[in-house]
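Here is the naming used below: chain letters follow the sequence lines, and residue numbers restart at 1 for every chain.
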Number of protein chains: 2
Amino acid sequence: MRKKIGRIRDVARESGVSIATVSRVMNSNSNVKPETRQRVLEATKRLDYVPNPAARALTTKRTQTIAAIIPTIENSVFAKFVAAIEQAMSKQNYSLVLSVSNADDALELAAAEKLLAMGAEGFILSGRDHGDILINLLRRRQIPFAFTSVFDPTSDVATIGYDNSALAASAIRYLAEKGHSEIVVVHGPLVESDRTVARKVGAISAGHLLNRLGFVETNLSVAGGKTAVLEVLAIQPRATAILCFSDVLALGVYFGLGDAGLHVPKDVSVMGFDNLDWSKEITPALTTINLPARQMGTAVAEQLMRTLEDGTPLVSQELNGTIIERNSVRIIPRQK
Amino acid sequence: MRKKIGRIRDVARESGVSIATVSRVMNSNSNVKPETRQRVLEATKRLDYVPNPAARALTTKRTQTIAAIIPTIENSVFAKFVAAIEQAMSKQNYSLVLSVSNADDALELAAAEKLLAMGAEGFILSGRDHGDILINLLRRRQIPFAFTSVFDPTSDVATIGYDNSALAASAIRYLAEKGHSEIVVVHGPLVESDRTVARKVGAISAGHLLNRLGFVETNLSVAGGKTAVLEVLAIQPRATAILCFSDVLALGVYFGLGDAGLHVPKDVSVMGFDNLDWSKEITPALTTINLPARQMGTAVAEQLMRTLEDGTPLVSQELNGTIIERNSVRIIPRQK
DNA sequence: CTGTTAGCGCTTTCAC
DNA sequence: GTGAAAGCGCTAACAG
């Protein structure tokens, strides 16, 4: 269905050289006499020639394409991450092919097969848990791949991200230091995200600093955060702080709390995760954990491209999340 | 750098047939005796064979890849749009390659060249205004492409989207009907978006219904909306309604108004554009215009795939935006 | 510095 | 129903 545009031999004829020379010019490598190059370039312009990517890929066995499969692109920190990957790849003339898995192993596998069949040479996966079939498929085909949004030095697959468990523990610790001893964590579906599970584990590990630590699972959306408030109030009416494993949830919690007539942080403190860009604009500004999404995108992209270029093995890389202290957490005076 | 995985001839040898038969099986078309097919399929499994996409593309001249270039993926309605495109394409075994232009013609052109060099067979562009070079490039190469987020029956390029001007006019009309006669519009950078320009034109066209209509340009972000409030208050302190050309801006306006001690909608009414998912959760729920982003994504994807399959020409398609009436607009009693 | 030539792995007539 | 063979457009030795 596509048109027949100029081929390399047309350019060769037009400029009076062989196709090999045209190829050399197109790949701006080998030695070509400047004036010959010039002539070829002109013919190229004139014929509006662009090398056929399929033919090129067929001979070079390279497609310069890397795939990323993310759980969702909507409403989250993934957009930032993807934008960074895209940018880093563009610089080195690589392309990103994106697919969304909805946190479903089967969909993820299907997506991966499609991407593979498109010629993806490397894969960026989110989180640490993936179907065995997928992992084996990638391994058998010797496709380099990395897990992101997690850092786990013990993993045999390179993980590029942060320590979710430690981050959640530090959030609890932070809250405890501010005098909160009854906290409820609001989080998205555990089955959909090993990062959420890791965070929960981390929170529990710091639970001894508290008198009481509760968990409320909800949909990972503003609406989910909002409805979670009701549950929080029901199960732990005396909680003084709500820790949300995502800023999106925190936004919903703000709304829910507002509707319940509760003031942040006077009545209830709120802390988030992600540091989405509106978090510093809301009143009170949200205390949250900044996740280095951009940096992470750049890091995976660069590692993967490197690996594809010269075989450098992928290595795990820890990126630090940091607590951004703002005004949504109240200091509760010690009341011994 | 890539490994040598099983090729078609390996499968042929393994299953004792010719490569032509293997090809037939892989393309599940022509007649192949069931048991032969079976044998081939088994060999395929055993050797973990997947047809080489480059070789296939080289002979068929098809890549089953469509490119989309969007201004930004962060913080907006584009995420929804892209998700829908992705989904629609997946169903028909097409792949999406995405690039971000930051609303810059030069970047857009560069992105397009890269995507073309990757083998994109069709293009999804955002808005109506694009560099001539890009458009000519696409035309010369006879690549089908469509403009989205706009509907303009007079355009010679297919436009798939909504009538931004009419939508903005209807928003002003709606507000006027509720008794508002002094309105300020808060919008993103005009130079970056022909949609924004079209909306402004539409708003102005309905301006005769008002006593006063002002415009404040700001960054297209929550922060931008928030700071715009100060300007609104400065230039038109008596405005009773703020119309935001994006919900993201409206969120910022809510925050800014709150900080200024102004209540929505008692003191100032607010209306948005986009119907992002949190808009119904915020208090008061935001009256906004729903833009059919998903539907639009599905529509372009399907038209483009159709065109690529059988040459059906692309046609403009209008999708309707609708006012979602909620609680952020107060009714001002006629006070003649 | 430039040309010749041999494939890359697949699809697709055309025979049988 | 199946096989043989001719490319698809390009890159990469290898000569010269």
Side-chain angles (χ1 to χ4, degrees), chain A residues 1-41 43-44 47-65 93 116-119 121 141 309, chain B residues 1-41 43-44 47-65 93 116-119 121 141 309:
Chain A
M1 218 75 284
R2 236 31 288 108
K3 74 168 294 194
K4 50 172 160 321
I5 62 168
R7 290 140 303 166
I8 196 170
R9 63 163 156 283
D10 298 325
V11 179
R13 191 177 337 101
E14 176 87 3
S15 49
V17 298
S18 73
I19 62 167
T21 299
V22 177
S23 175
R24 291 191 183 98
V25 172
M26 295 316 294
N27 296 291
S28 41
N29 56 346
S30 335
N31 313 334
V32 176
K33 198 197 312 182
E35 50 178 285
T36 309
R37 157 184 307 281
Q38 194 49 37
R39 246 177 327 131
V40 172
L41 252 18
T44 294
L47 298 184
D48 207 34
Y49 172 71
V50 172
N52 178 317
R56 172 176 270 174
L58 185 55
T59 26
T60 60
K61 298 182 183 335
R62 293 296 319 275
T63 60
Q64 311 253 103
T65 294
N93 243 292
L116 231 29
M118 267 199 72
E121 300 186 88
R141 301 181 71 86
E309 294 300 334
Chain B
M1 220 74 286
R2 242 24 295 107
K3 73 168 294 194
K4 51 173 159 320
I5 62 168
R7 289 139 305 166
I8 195 169
R9 60 162 157 283
D10 299 325
V11 180
R13 190 178 334 101
E14 176 88 4
S15 49
V17 299
S18 73
I19 63 168
T21 299
V22 176
S23 175
R24 292 194 181 95
V25 172
M26 295 316 294
N27 296 292
S28 40
N29 56 346
S30 336
N31 313 334
V32 176
K33 199 197 310 180
E35 49 178 286
T36 309
R37 157 184 305 280
Q38 194 49 38
R39 245 179 328 131
V40 171
L41 253 19
T44 293
L47 299 183
D48 206 36
Y49 172 72
V50 171
N52 177 317
R56 172 176 270 175
L58 184 56
T59 27
T60 59
K61 299 185 184 332
R62 293 296 320 275
T63 59
Q64 311 253 104
T65 295
N93 243 292
L116 231 30
M118 267 199 72
E121 299 186 272
R141 300 182 70 87
E309 296 299 334

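- Inter-residue side-chain proximity for B:Arg56 and B:Pro51 is flagged as met; some heavy-atom pair is nearer than 4.5 Å.
- Straight-line distance from the CG atom of A:Asp10 to the C1' atom of D:dC10: 13 Å, rounded to whole Å.
- If you measure from atom CZ of B:Arg62 to atom P of C:dG9, you get 23 Å, rounded to the nearest angstrom.
- Within the 4.5 Å cutoff, side-chain heavy atoms of A:Thr21 are placed close to those of A:Arg24.
- Counting heavy atoms from C-beta on, the side chains of A:Thr44 and A:Met26 come closer than 4.5 Å.
- Between A:Glu309 and A:Gln64, some side-chain heavy-atom pair lies under the 4.5 Å cut-off.
- On a pure distance criterion of 3.5 Å, a polar donor-acceptor pair joins the side chain of B:Arg24 and the base of D:dG3.
- Straight-line distance from the CD atom of B:Glu35 to the C1' atom of D:dG1: 11 Å, rounded to whole Å.
- Side-chain N/O atoms of A:Ser23 include one lying less than 4.0 angstrom from OP1 or OP2 on D:dT11.
- Distance, B:Asn27 CG to C:dG9 P: 17 Å, rounded to whole Å.
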Close N or O pairs between protein and nucleotides 6-8 of chain D (under 3.5 Å):
unit_1 : atom_1 : unit_2  : atom_2 : d
D:dC8  : O3'    : B:Lys61 : NZ     : 2.8

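- The only member of A:Asp10, A:Val40, A:Ile8 that meets side chain to side chain contact (heavy atoms under 4.5 Å, CB included) when paired with A:Tyr49 is A:Ile8.
- Taking the side chain as every heavy atom from C-beta outward, A:Val50 and B:Arg141 approach each other to under 4.5 Å.
- If you take CE of A:Met26 and P of D:dA12, they are 14 Å apart, rounded to a whole angstrom.
- Distance CD (B:Gln64) to P (C:dT11): 12 Å, rounded to an integer number of Å.
- Heavy atoms of B:Val22 sit nowhere under 4.0 angstrom from any nucleic acid atom.
- A sub-4.0 Å separation between OP1 or OP2 of D:dT2 and a side-chain N or O of B:Thr21 is absent.
- In this structure, the CD1 atom of B:Ile8 is 14 Å from the C1' atom of D:dA5, given to the nearest Å.
- Of the side-chain N and O atoms in A:Thr36, one or more sit less than 4.0 angstrom from OP1 or OP2 of C:dT2.
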